[in-house]
Amino acid sequence: MSFSSSVKDEIAAGKLKGERNRRALLAAATNVAGTITIVSGGMGIRYISETYSVGKLVSKLACSLYPVQCELFIKETETGRKNRSVIADLSGEGCGDIIRLSGLMDYVDDAYRERMKEELICDAETIKSYVKGAFLSAGSVSNPEKAYHLEMVCRHEGTAQFLCELLESLDIPMKYFERRGAYVVYTKGAETIFSLLALMEASDSAIKFENARMLKTAKNDVVRLTNYENANMQKTAKASAWQLICIEKIRTHMGLEKLPQALRDVAEARINNEEASLSELAAMLDIGKSGVNHRLKKLIEIAEGIDD
């Protein structure tokens, strides 16, 4: 099971307190994923999901809130691999009320958003329920071990704007963009994804996400530290090689014994400890690191002044 599916299962299994919260979730699910169908006696609504728990929840909410009947079934198709679609077909006189309240036939504009706030979205709890409905029906979240990405796909730009406004009111900033005629509300921020999972009361998934994020961060820190240490080692090796070349030039052309004692001591320490860092040479000679660096630079200047 994918991480996204496990998140949806956890959310769908949670309890929704109060009729208004249940209506808000169903309204969001209908707006982003419902399709109007023609059935005997009038209009129906079809919901298609990849997750059985989502189809079951939509069916349960619709039948408990409105005078509707629901047929829930699974459709499997063979397209290189087996794909499963969970379909919930609603019928009955209550479908008209669901369609009206969700705005499924309306242009999602300021008037729609105001009506939603008046009839459904009245506080933080109903906002949470609305966001849950949108995510369950048209959302996905990447496996945090691979990437950080959460999105909800809306058919109307107004719905995407509305979702962003609702989330912003709860200090969860998200953006949206157009993709193939749809509008995708998304975030790639790890902290935002964690906050949204917690908001939707997917606490177990939020903990798994945070653990994966912490492990990934730790691994990245180790890689960065290793790269830094390797770079320093390479830098030290290059510097040491050039210092040895210069010291050998001095020994060949003038002899180390002609150097001042301080420079001679550093030169001999470098010859005997080719891979030592400045700090290690300083400890051997019982002088400061800057002192060793200054004397090695002086040796290089002397060597560069010798005519070959």
Side-chain angles (χ1 to χ4, degrees), residues 1-33 47 49-62 64-65 86 88 120-154 160 162-176 184-220:
M1 179 185 292
S2 69
F3 181 72
S4 192
S5 294
S6 66
V7 171
K8 290 185 178 183
D9 282 347
E10 184 178 2
I11 295 171
K15 293 183 179 181
L16 283 171
K17 298 179 181 179
E19 181 178 312
R20 198 158 187 166
N21 286 323
R22 296 196 292 272
R23 290 185 188 275
L25 191 154
L26 183 61
T30 304
N31 187 277
V32 301
Y47 304 84
S49 175
E50 296 178 354
T51 309
Y52 182 78
S53 60
V54 175
K56 185 177 179 181
L57 177 62
V58 167
S59 172
K60 179 181 177 181
L61 289 176
S64 65
L65 293 169
V86 181
L120 283 181
I121 314 294
C122 61
D123 54 22
E125 288 303 313
T126 46
I127 291 176
K128 291 179 185 180
S129 298
Y130 191 87
V131 172
K132 285 180 184 179
F135 179 79
L136 286 172
S137 300
S140 62
V141 57
S142 300
N143 184 336
E145 295 177 2
K146 298 179 180 179
Y148 303 138
H149 183 88
L150 184 148
E151 67 176 43
M152 292 175 277
V153 183
C154 306
F162 188 46
L163 270 173
C164 288
E165 290 172 9
L166 294 176
L167 289 165
E168 182 69 33
S169 72
L170 298 180
D171 297 322
I172 299 180
M174 294 183 71
K175 299 178 181 179
Y176 74 90
V184 183
V185 176
Y186 77 100
T187 181
K188 293 182 179 292
E191 291 185 5
T192 304
I193 294 173
F194 174 79
S195 297
L196 190 50
L197 292 175
L199 172 79
M200 295 187 294
E201 298 177 329
S203 55
D204 289 345
S205 298
I207 292 171
K208 290 178 183 178
F209 180 90
E210 185 65 7
N211 287 340
R213 187 184 72 83
M214 292 175 65
L215 180 60
K216 189 175 182 179
T217 299
K219 288 181 178 178
N220 289 340

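Values below: every heavy atom of this structure, side chains too, minus hydrogens, waters and symmetry copies.
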Can you name the one residue among Glu125, Arg22, Lys128 that meets side chain to side chain contact (heavy atoms under 4.5 Å, CB included) with Leu16?
Arg22
Closest contact, heavy atoms only, Ala29 versus Ser137
CB-OG, 3.0 Å
Can you give me the closest heavy-atom contact between Val32 and Val153, atom names plus distance?
CB-O, 4.0 Å
Non-hydrogen side-chain atoms of Tyr47 and Val86 separated by less than 4.5 Å:
no
Scanning both residues in full, the closest heavy-atom pair of Ala212 with Pro144 reads CB-CG, 3.7 Å
Heavy-atom side-chain proximity of Tyr148 to Thr187 below 4.5 angstrom
no
Phe194: what forms a side chain to side chain contact (heavy atoms under 4.5 Å, CB included) with it, not counting sequence neighbours?
Ala206, Phe209, Glu210
Can you give me the closest heavy-atom contact between Ile121 and Ala24, atom names plus distance?
CD1-CB, 4.4 Å
Side chain to side chain contact (heavy atoms under 4.5 Å, CB included) partners for Asp171, two or more places apart:
none
Locate the shortest heavy-atom distance separating Ser169 from Ile127; write the atom from each residue and the value.
OG-CD1, 3.5 Å
Residue pairs meeting salt bridge (charged side-chain N to carboxylate O under 4.0 Å, His left out), one or both in residues 11-20, sequence neighbours left out, come to Glu19-Arg23
Sorted by chain and residue number, the side chain to side chain contact (heavy atoms under 4.5 Å, CB included) partners of Ala160 (sequence neighbours excluded) come out as Cys154, Tyr176, Tyr183, Val185
Pairs involving residues 129-148, ordered by first then second residue, that meet salt bridge (charged side-chain N to carboxylate O under 4.0 Å, His left out) (sequence neighbours left out)
Lys132-Glu201
What donor-acceptor contacts under 3.5 angstrom involve side-chain atoms of residues 5-14, with partners at least two apart or in another chain?
| residue | atom | partner | partner atom | Å |
| --- | --- | --- | --- | --- |
| Ser5 | OG | Ser2 | OG | 3.0 |
| Ser6 | OG | Phe3 | O | 2.7 |
| Lys8 | NZ | Leu136 | O | 3.4 |
| Lys8 | NZ | Gly139 | O | 2.8 |
| Asp9 | OD1 | Ser53 | OG | 2.5 |
| Glu10 | OE1 | Ser205 | N | 3.0 |
| Glu10 | OE1 | Ser205 | OG | 2.7 |
| Glu10 | OE2 | Ser203 | N | 3.0 |
| Glu10 | OE2 | Asp204 | N | 2.8 |

Could you state the interatomic distance from CG (Leu150) to CE (Met174), rounded to the nearest 0.5 Å?
5.0 Å
Contact check, side chains of Ile172 and Glu168, non-hydrogen atoms, under 4.5 Å
no
